[in-house]
Amino acid sequence: MGNALPDALAVRDVQLLKEMGGNFLRVSHYPQDPAVLAACDRLGILASVEIPIVNAITESPAFFETCRTMQTELIRQNFNHPSVVIWGYMNEVLLRLPAGLKRDNDPGRAYLRRVRALAQQLDSLTRREDPARATMLVCHGDFNLYQQAGLLSIPQVIGWNLYQGWYAGNLQGFPDFLDRHHKELPTKPMLVTEYGADSDERLHSFSPRRFDKTTEYANRYHEFYLQAILDRPFVAGSTVWNLAEFNSESRQEAVPHINNKSLLTGDRRPKDAYLYYQARLLKTPFLCVGSRAWTLRAGQAAGPDSLFCRQPVAVYTNQPTARLLLNGRDLGTQPAALGVAHFSVPFGPGPNQLRAQATGLALEDAADIEFQLLPNNLSSNKLPFTELNVSLGDERTFTDAMLHQVWVPEQPYAPGGWGYVGGHVYRLPGDRLPYGSDRNILGTSYDALYETQRLGLREFRLDVPDGEYEVTLHFAELEAAPATEQLAYNLAGNPAASGAPAPTGRAFAVLLNGQALSPFSSATNLPPLRAVRVKVPVAARGGRGIVVEFRPEAGEACLNGIQVRRQY
């Protein structure tokens, strides 16, 4: 709906914040519809509001005058809202210095002085207009730069937008930064005004890593950050970026044009992180089975004769313990450490009902999970092979609810099973991404599947029983991608993330059980950053299964995904 959002939905967002246990809303980076602050007034939500001076300033009298006018109007329009406790006037204004300016050259130092002059004007204006409320300037995580510019001494409250363990660095950098502020500015109140990690609810990993966009890494991130905040009474408060997913046209990544660094989906369904905050913040009894959207799962049987696969399940609760039942079978009771009780669940094929209960209370929650159990041995009679969807160069599962498919991560081939032979995972230079690319892949809405690939593989084998099959191969040229604009939100500042041209072209042949397919080449049918799918019928005969063979002619062969479905 964009800017045509009805008031009722704006109000609903504030209600969702209240239902989470939150009591503070940073309205950023520009004034919202009056309905938002009116809802804060009614629901008892404290608020900060600010004008849109973001990333940099324009050095002109007209720009300065417009900033002063906006701040004056902001205060006079919203003065009578009791929910407003903070007037803000800058956000990450030193995130990107104008071209040619550096913090240690004369033009750069002159620019910092002009930024400071504008900040001082706006702060003084705000205090004259309203001496009773606090002023706030919001900074990104470059402590030294804002200190050098003299901005940390001007407002009454400093806001820090901190993403350690996401855009760069590790999680421990977050509490270290908070402690530095308290040590060097012990009398300056601080808020953590932004923090968060992208989470695509379709992506999951049992070994989550920074920037893999999985629900599980986002869970780890929020659990670490919230505890670090609560352990430090000198942190006045915090605001997650963002309550809900929102459009951001310049973004690419697993969900192009969407910022999914959020607690709710775009249609306001709760992610695990939202449930986690409920478990930590609500005062009334709360209990909920995690991963509410992950109702279709898949995994490989625990052994050749097993008909189950163990996977972790989290139960979020503010009670001391939680009990979990699977199809009526008691899986035991676990303590809830800091709002989360962890269980290992032996999922069987087909429907699985989970029921969580709080000890001593009439409080329970249920979730129905359909599990696609993959045979450990593809010729198993107990668990006949039907289909397999594999994401190459990937460590995550990808759930496609609409097509009722689950893509599992790659694995090396072992006799009786399936997997790749040879090759290596595609990785961009630098340490921002654990694997794969962060570019928008055209011609598909399944970008996450095409952003990863295995290079240089010799074969992909499946020891399926004799029969008729349909094989779909998925490709995307990632190495020959043209450079892209470096966006302000990429706080790591890693130019390698834009993609670099491949030194040579790519050309390779593919044989499917000896049948040659049309050659693949980056000069012809593998254009950069575009999804390519090839579907081929194949017969498995004589116990030889299915063998996809790759023969390079220039560069390395690649494969992004493979689907195999038994026809009969």
Side-chain angles (χ1 to χ4, degrees), residues 198 200-203 211-214 249-258 260 387-410 420 423 425-428 433 435-457 460 470-484 497-502 505-510 512 517-538 548 550 552 554-565:
D198 290 7
D200 182 342
E201 64 174 353
R202 301 170 299 176
L203 291 171
F211 238 79
D212 66 6
K213 316 301 178 72
T214 62
E249 176 55 29
S250 57
R251 283 180 173 263
Q252 299 194 29
E253 305 181 13
V255 186
H257 318 304
I258 298 292
N260 55 11
E387 72 172 279
L388 177 69
N389 310 293
V390 181
S391 180
L392 274 296
D394 208 342
E395 299 175 6
R396 308 162 298 182
T397 63
F398 179 95
T399 301
D400 182 358
M402 184 176 69
L403 299 185
H404 208 68
Q405 295 173 342
V406 181
W407 295 70
V408 296
E410 67 171 14
Y420 62 83
V425 172
Y426 170 78
R427 288 186 176 89
L428 281 173
L433 296 181
Y435 43 80
S437 173
D438 60 357
R439 300 292 297 277
N440 180 12
I441 308 299
L442 303 178
T444 182
S445 57
Y446 301 102
D447 292 72
L449 298 175
Y450 289 96
E451 289 171 339
T452 65
Q453 67 182 191
R454 176 159 285 269
L455 294 170
L457 74 170
F460 194 97
E470 179 183 88
V471 175
T472 305
L473 304 176
H474 298 262
F475 304 94
E477 176 55 67
L478 303 177
E479 287 195 319
T484 187
S498 65
R506 185 193 311 281
F508 58 94
V510 177
L512 187 53
L517 307 184
S518 298
F520 294 91
S521 167
S522 56
T524 56
N525 54 0
L526 290 180
L529 303 178
R530 181 168 290 277
V532 175
R533 296 171 287 277
V534 178
K535 184 165 61 176
V536 184
V538 62
V548 187
F550 298 84
E556 295 181 298
C558 67
L559 182 65
N560 297 65
I562 183 171
Q563 295 177 281
V564 180
R565 178 175 298 175

> How close do Glu249 and His257 get, counting heavy atoms only, and between which atoms?
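Closest heavy-atom pair between Glu249 and His257: O-ND1, 2.8 Å.
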> What closest approach, in Å, do Ala557 and Pro552 show between heavy atoms, and which atom pair accounts for it?
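Closest approach of Ala557 to Pro552, heavy atoms only: N-CB, 4.3 Å.
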> For atom CZ of Arg565, is the number of surrounding heavy atoms from other residues, nucleotides or ligands below 6.0 Å larger than 12?
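For Arg565, atom CZ is not crowded (no more than 12 foreign heavy atoms under 6.0 Å).
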> Counting N and O atoms only, with roles assigned by atom type, does the side chain of Asn525 sit under 3.5 Å from a partner on the main chain of Pro519, one being a donor and the other an acceptor?
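Yes; judged by distance alone, with no hydrogens or angles, the pair exists.
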> Of the non-hydrogen atoms in Asn560 and Ala476, which two are nearest, and what is the gap between them?
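Shortest heavy-atom contact: OD1-N, 3.0 Å.
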> Drop me the distance from Asp447's CG to Leu529's CG, to the nearest 0.5 angstrom.
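Here the interatomic distance stands at 10.0 Å.
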> What's the spacing between Thr444 OG1 and Glu451 CD if we round to 0.5 Å?
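Rounded to the nearest 0.5 Å, the OG1-CD separation comes to 10.0 Å.
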> Going from CZ on Arg454 to SG on Cys558, what distance comes out if it is rounded to the nearest 0.5 angstrom?
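If I round to the nearest 0.5 Å, the distance is 12.5 Å.
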> I need the minimum non-hydrogen distance between Ala531 and Ile441, along with the two atoms involved.
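Heavy-atom minimum between the residues: N-CG2, 3.7 Å.
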> Measure the spacing between CD of Gln405 and CD of Gln563 and express it to the nearest 0.5 Å.
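Going from the CD atom of Gln405 to the CD atom of Gln563 covers 5.0 Å.
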> Mind running side-chain contact (heavy atoms from CB on, under 4.5 Å) on Arg396 and Tyr435 for me, showing each step along the way?
CA-CA 11 Å; Arg396 308 162 298 182; Tyr435 43 80; 3.2 Å; yes
> Parallel under 30°, tilted from 30 to 60°, perpendicular over 60°: which one fits the rings of Phe550 and Phe508?
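Rings of Phe550 and Phe508: tilted, 30 to 60°.
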> Does a donor on one side chain sit under 3.5 Å from an acceptor on the other, for His474 and Gln453?
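Distance-only check fails for His474 and Gln453.
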> Working to the nearest 0.5 angstrom, can you tell me the gap between Phe398 CZ and Tyr446 OH?
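Going from CZ on Phe398 over to OH on Tyr446, the span is 6.5 Å.
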> Does any non-hydrogen side-chain atom of Leu517 lie less than 4.5 Å from one of Leu473?
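A side-chain contact under 4.5 Å exists here.
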> Give the minimum heavy-atom separation between Thr452 and Leu392, together with the two atoms involved.
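So the minimum-distance heavy-atom pair works out to OG1-O, 2.8 Å.
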> For the OG1 atom of Thr524 and the CZ atom of Arg506, what is their distance to the nearest 0.5 Å?
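Spacing of OG1 (Thr524) from CZ (Arg506) equals 12.0 Å.
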> If you compare all heavy atoms of Thr397 against all heavy atoms of Pro409, which two are closest, and at what distance to 0.1 Å?
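Of all heavy-atom pairs spanning Thr397 and Pro409, the closest is CG2-CD, 3.6 Å.
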> Can you confirm whether Arg202 sits close enough to Val255 that some side-chain heavy atom of one is under 4.5 Å from a side-chain heavy atom of the other?
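Result yes, sub-4.5 Å side-chain heavy-atom pair found.
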